[in-house]
Peer 1: 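Could you have a look at this structure, given as structure tokens, before my questions?
For the numbers below, each heavy atom of this structure counts, side chains included, while hydrogens, waters and symmetry mates do not. On a predicted model such as this, the values are computed, not experimentally measured, just so you know.
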Amino acid sequence: MKQTLIIANWKMNGSLVSNSKLLTAILKFSNTANTELVICPSYPYLHQVKEYIIGSKIKLGAQNVNENITGAYTGEVSADMLKEFYCRYILVGHSERRALFQESNALIAKKITQTIDAGLTPVLCIGETLAQRENGDVKTVILDQLSYVINEIGLKKFKLVVIAYEPIWAIGTGQTASPEQAQTVHRMIRQYLYGLDPIVSKEASILYGGSVNETNASLLIKQNDIDGFLVGGASLNTESFQAICTLK
Ligand code: 13P
């Protein structure tokens with residue numbers, strides 16, 4: 001059976017002092033959590049987080065990566081650098097990056113390739129806006145984001161990708177998708193993958209993200225096709241994050 005995967009996306013939050021408090025608390029409950037736990041801090045804090053989690057079962061992740069191997073790309077960070085800094089996972093195509101930094105499906109596919117080629121696990125974030133949902137376009141939007149990447153990188157590589165369904169209208173709004181709404185999209189993703197390769201479909205880890213908290217997590221995780229969470233705000237709160245990570 002797949003292990004539940006819970007990824008904390010700290011976004012552009014934190015400081016040496018606040019990270020230290022949070023990490024001390026997370027380390028205490030991490031051993032009892034029956035989940036794979038990943039923390040994605042901002043780049044400058046990768047080393048700090050590494051120092052805390054080394055020897056524990058917590059893994060380190062990054063929030064972004066450049067699509068090139070190396071070269072004159074001022075301000076950018078490569079997958080190999082992230083690997084050197086102990087990262088195992090990289091978030092790719094988060095909706096904030098798609099919207100605020102104009103990341104296209106083509107760019108996202110390149111970043112996924114770099115991540116896999118460096119031996120790391122990409123977490124491909126996909127999701128629709130409220131307007132797209134109200135228009136009845138959820139399936140089109142989600143399958144477009146997904147199929148673009150699969151067509152670019154091929155199924156053999158795609159097998160290594162973790163998928164995170166994050167409806168944009170649910171991110172940071174406190175308005176989470178209902179368990180039924182989330183399950184419907186997760187099921188649709190799994191069925192689409194089944195049409196390409198039943199094994200890839202069965203083994204795919206499909207996470208839900210968008211206002212996950214200690215109250216809604218237990219019903220969401222009971223859905224057949226939800227394999228874990230990508231958690232923003234609630235991952236910065238020790239009590240909330242502990243409750244999410246230690247769900248029975
Ligand atoms: P929130 O949990 O704060 O809604 O953020 C979700 C998210 O964007 C995680 O990547």
Peer 1: For Phe158, which of Leu196, Ile112, Leu193 qualifies under side chain to side chain contact (heavy atoms under 4.5 Å, CB included)?
Peer 2: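 Only match with Phe158 under side chain to side chain contact (heavy atoms under 4.5 Å, CB included): Leu193.
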Peer 1: Do the side chain of Arg98 and the main chain of Cys125 share a donor and acceptor less than 3.5 angstrom apart?
Peer 2: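 A pair under 3.5 Å: yes.
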Peer 1: Quick one, Glu128 and Asp137 - any side-chain contact, counting heavy atoms below 4.5 Å?
Peer 2: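 Side-chain contact under 4.5 Å: no.
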Peer 1: With a 6.0 Å cut-off (strictly less than), is the heavy-atom count around CD1 of Ile69, excluding the residue itself, greater than 12?
Peer 2: no
Peer 1: Do Glu36 and Lys59 meet the salt-bridge criterion of a basic N to acidic O distance under 4.0 Å?
Peer 2: yes
Peer 1: Check whether any side-chain heavy atom of Pro122 lies under 4.5 Å from a side-chain heavy atom of Ile90, and answer yes or no.
Peer 2: no
Peer 1: Report yes or no: does Ser42 contribute a side-chain atom to a donor-acceptor pair with the main-chain N or O of Lys11 at less than 3.5 Å?
Peer 2: yes
Peer 1: Determine whether Thr238 and Leu22 satisfy the following criterion, side-chain contact (heavy atoms from CB on, under 4.5 Å), listing intermediate values before the conclusion.
Peer 2: CA-CA 6 Å; Thr238 312; Leu22 200 48; 3.7 Å; yes
Peer 1: Counting only heavy atoms not in Lys57, do more than 12 fall under 6.0 Å of its NZ?
Peer 2: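 Result for NZ/Lys57: enclosed.
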Peer 1: I need the Tyr89 OH to Ile7 CD1 distance, nearest 0.5 Å.
Peer 2: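 Answer for the OH-CD1 pair, Tyr89 versus Ile7, is 6.5 Å.
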Peer 1: Which atom pairs, donor and acceptor, lie under 3.5 Å between side-chain atoms of residues 44-53 and protein residues at least two apart or in another chain?
Peer 2:
{"unit_1": "Gln48", "atom_1": "OE1", "unit_2": "Asn19", "atom_2": "ND2", "d": "2.9"}
{"unit_1": "Gln48", "atom_1": "NE2", "unit_2": "Leu16", "atom_2": "O", "d": "2.8"}
{"unit_1": "Tyr52", "atom_1": "OH", "unit_2": "Ser20", "atom_2": "OG", "d": "2.6"}

Peer 1: Do any N or O atoms from the side chain of Asp227 and from the backbone of Ile206 form a donor-acceptor pair under 3.5 angstrom?
Peer 2: yes
Peer 1: Can Arg190 be said to sit on top of Tyr192's aromatic six-ring, NZ or CZ under 6.0 Å from centre and within 45° of the ring axis?
Peer 2: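 Checked: cation-pi criterion not met.
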Peer 1: Taking the side chain from Ser18 and the backbone from Gly14, do they hold a donor-acceptor pair closer than 3.5 Å?
Peer 2: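 Between the backbone of Gly14 and the side chain of Ser18 there is no qualifying donor-acceptor contact (under 3.5 Å).
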Peer 1: Does the Ser205 side chain pair with the main chain of Val162, one donor and one acceptor, at a distance under 3.5 Å?
Peer 2: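 No; judged by distance alone, with no hydrogens or angles, the pair does not exist.
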Peer 1: Is any side-chain heavy atom of Ile189 less than 4.5 Å from a side-chain heavy atom of Ile126?
Peer 2: yes
Peer 1: Could you tabulate the donor-acceptor pairs under 3.5 Å formed by side-chain atoms of residues 140-149, not counting sequence neighbours?
Peer 2:
{"unit_1": "Gln145", "atom_1": "OE1", "unit_2": "Gly127", "atom_2": "N", "d": "2.9"}
{"unit_1": "Gln145", "atom_1": "NE2", "unit_2": "Gly127", "atom_2": "O", "d": "3.3"}
{"unit_1": "Ser147", "atom_1": "OG", "unit_2": "Leu143", "atom_2": "O", "d": "2.6"}

Peer 1: With hydrophobic residues grouped by side-chain heavy-atom distances under 4.5 Å, do Tyr165 and Phe229 end up in a single group?
Peer 2: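 Cluster IDs for Tyr165 and Phe229 match.
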Peer 1: Taking the six-membered ring for Trp, are Tyr208 and His186 parallel (under 30°), tilted (30 to 60°) or perpendicular (over 60°)?
Peer 2: tilted
Peer 1: Would you mind telling me which of Glu103, Glu166, Gln63 makes a side-chain hydrogen bond (donor to acceptor under 3.5 Å, both in side chains) with His94?
Peer 2: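 Exactly one option meets the side-chain hydrogen bond (donor to acceptor under 3.5 Å, both in side chains) with His94, and it is Glu166.
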Peer 1: For the residue pair Arg88 and Thr121, establish whether any side-chain heavy-atom pair is separated by less than 4.5 Å.
Peer 2: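 No, every pair of side-chain atoms sits at 4.5 Å or beyond.
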Peer 1: I want to check something: taking the side chain as every heavy atom from C-beta on, are Ile150 and Leu155 in contact at a cut-off of under 4.5 Å?
Peer 2: yes
Peer 1: Minimum heavy-atom separation for Tyr43 to Val65, with atom names?
Peer 2: OH-N, 3.6 Å
Peer 1: Using 0.5 Å steps for rounding, measure from the OG1 atom of Thr184 to the NZ atom of Lys139.
Peer 2: 12.0 Å
Peer 1: To the nearest 0.5 Å, what is the distance between OG on Ser30 and CD on Gln242?
Peer 2: 10.0 Å
Peer 1: Report yes if some heavy atom in the side chain of Leu130 is under 4.5 Å from a heavy atom in the side chain of Ile168; otherwise report no.
Peer 2: no
Peer 1: Nearest heavy-atom pair of Pro41 and Gly61: which atoms, and what distance?
Peer 2: CD-O, 3.3 Å
Peer 1: Leu91 and Leu207: same hydrophobic cluster, using ILVMFWY side-chain contacts below 4.5 Å?
Peer 2: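 Per the 4.5 Å side-chain linkage, Leu91 and Leu207 are co-clustered.
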Peer 1: Please find the pair of heavy atoms, one from Ser211 and one from Ala170, that lie closest to each other, and give the distance.
Peer 2: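 The pair with the smallest heavy-atom distance is OG-O, 2.6 Å.
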Peer 1: Can you tell me how far apart CH2 (Trp169) and CD (Gln181) are? Round to the nearest 0.5 Å.
Peer 2: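 Rounded to the nearest 0.5 Å, the CH2-CD separation comes out at 4.0 Å.
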Peer 1: Roughly how far apart are Thr129 OG1 and Ile171 CD1, rounded to 0.5 Å?
Peer 2: 11.5 Å
Peer 1: When clusters are formed by joining ILVMFWY residues with side-chain heavy atoms under 4.5 Å apart, either directly or through shared neighbours, do Leu37 and Leu60 land in the same one?
Peer 2: yes
Peer 1: Under the criterion side-chain contact (heavy atoms from CB on, under 4.5 Å), I'd like the reasoning laid out for Val77 against Asn64: C-alpha separation, chi angles, the key distance, then a yes or no.
Peer 2: CA-CA 8 Å; Val77 174; Asn64 186 27; over 6 Å; no
Peer 1: Leu230, Ile58: one ILVMFWY side-chain cluster at the under-4.5 Å cut-off?
Peer 2: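 Leu230 and Ile58: separate clusters.
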Peer 1: Where do Leu220 and Ile226 come nearest, in terms of heavy atoms and distance?
Peer 2: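 That closest heavy-atom pairing would be O-CD1, 3.3 Å.
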Peer 1: What heavy-atom pair brings Gly228 and Thr4 nearest, and what distance separates the two atoms?
Peer 2: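 Shortest heavy-atom separation between Gly228 and Thr4 comes out as CA-CG2, 3.9 Å.
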Peer 1: Using the rule that two of Ile, Leu, Val, Met, Phe, Trp, Tyr join whenever any of their side-chain heavy atoms come within less than 4.5 Å, decide whether Val92 and Ile163 are in one cluster.
Peer 2: yes
Peer 1: Identify the two heavy atoms, one from Leu160 and one from Ile116, that lie closest to each other, and give their separation to 0.1 Å.
Peer 2: CD1-CG2, 3.7 Å
Peer 1: Do other residues, nucleotides or ligands put more than 12 heavy atoms under 6.0 Å from the OH atom of Tyr194?
Peer 2: no
Peer 1: Could you go step by step and tell me if Trp10 and Ser235 meet the side-chain contact (heavy atoms from CB on, under 4.5 Å) rule?
Peer 2: CA-CA 7 Å; Trp10 285 359; Ser235 72; 3.5 Å; yes
Peer 1: Does Phe29 CZ have over 12 foreign heavy atoms under 6.0 Å away?
Peer 2: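 Yes, because the 6.0 Å sphere around CZ of Phe29 holds more than 12 heavy atoms from other groups.
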Peer 1: Treating Gln223 as the side-chain partner and Leu219 as the backbone partner, does any N or O pair qualify as donor plus acceptor under 3.5 Å?
Peer 2: yes
Peer 1: Determine whether a donor-acceptor pair (N or O, by modelled atom type, separation under 3.5 Å) exists between the side chain of Thr113 and the backbone of Ala109.
Peer 2: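 Present.
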Peer 1: Atom CG of Asn216 and atom CD of Gln175: how far apart are they, to the nearest 0.5 Å?
Peer 2: 11.5 Å
Peer 1: Please report the C-alpha distance between Ser78 and Tyr73 in whole Å, then the side-chain angles of each, then the deciding distance to 0.1 Å, and finally whether the side chain to side chain donor-acceptor pair (under 3.5 Å) criterion is met.
Peer 2: CA-CA 10 Å; Ser78 76; Tyr73 302 102; over 6 Å; no
Peer 1: Go through it in stages, so that I can follow the logic: the residues are Ser218 and Leu247, the test is side-chain contact (heavy atoms from CB on, under 4.5 Å), and I'd like the CA-CA distance, side-chain angles, deciding distance and then a yes or no.
Peer 2: CA-CA 6 Å; Ser218 55; Leu247 287 172; 3.8 Å; yes
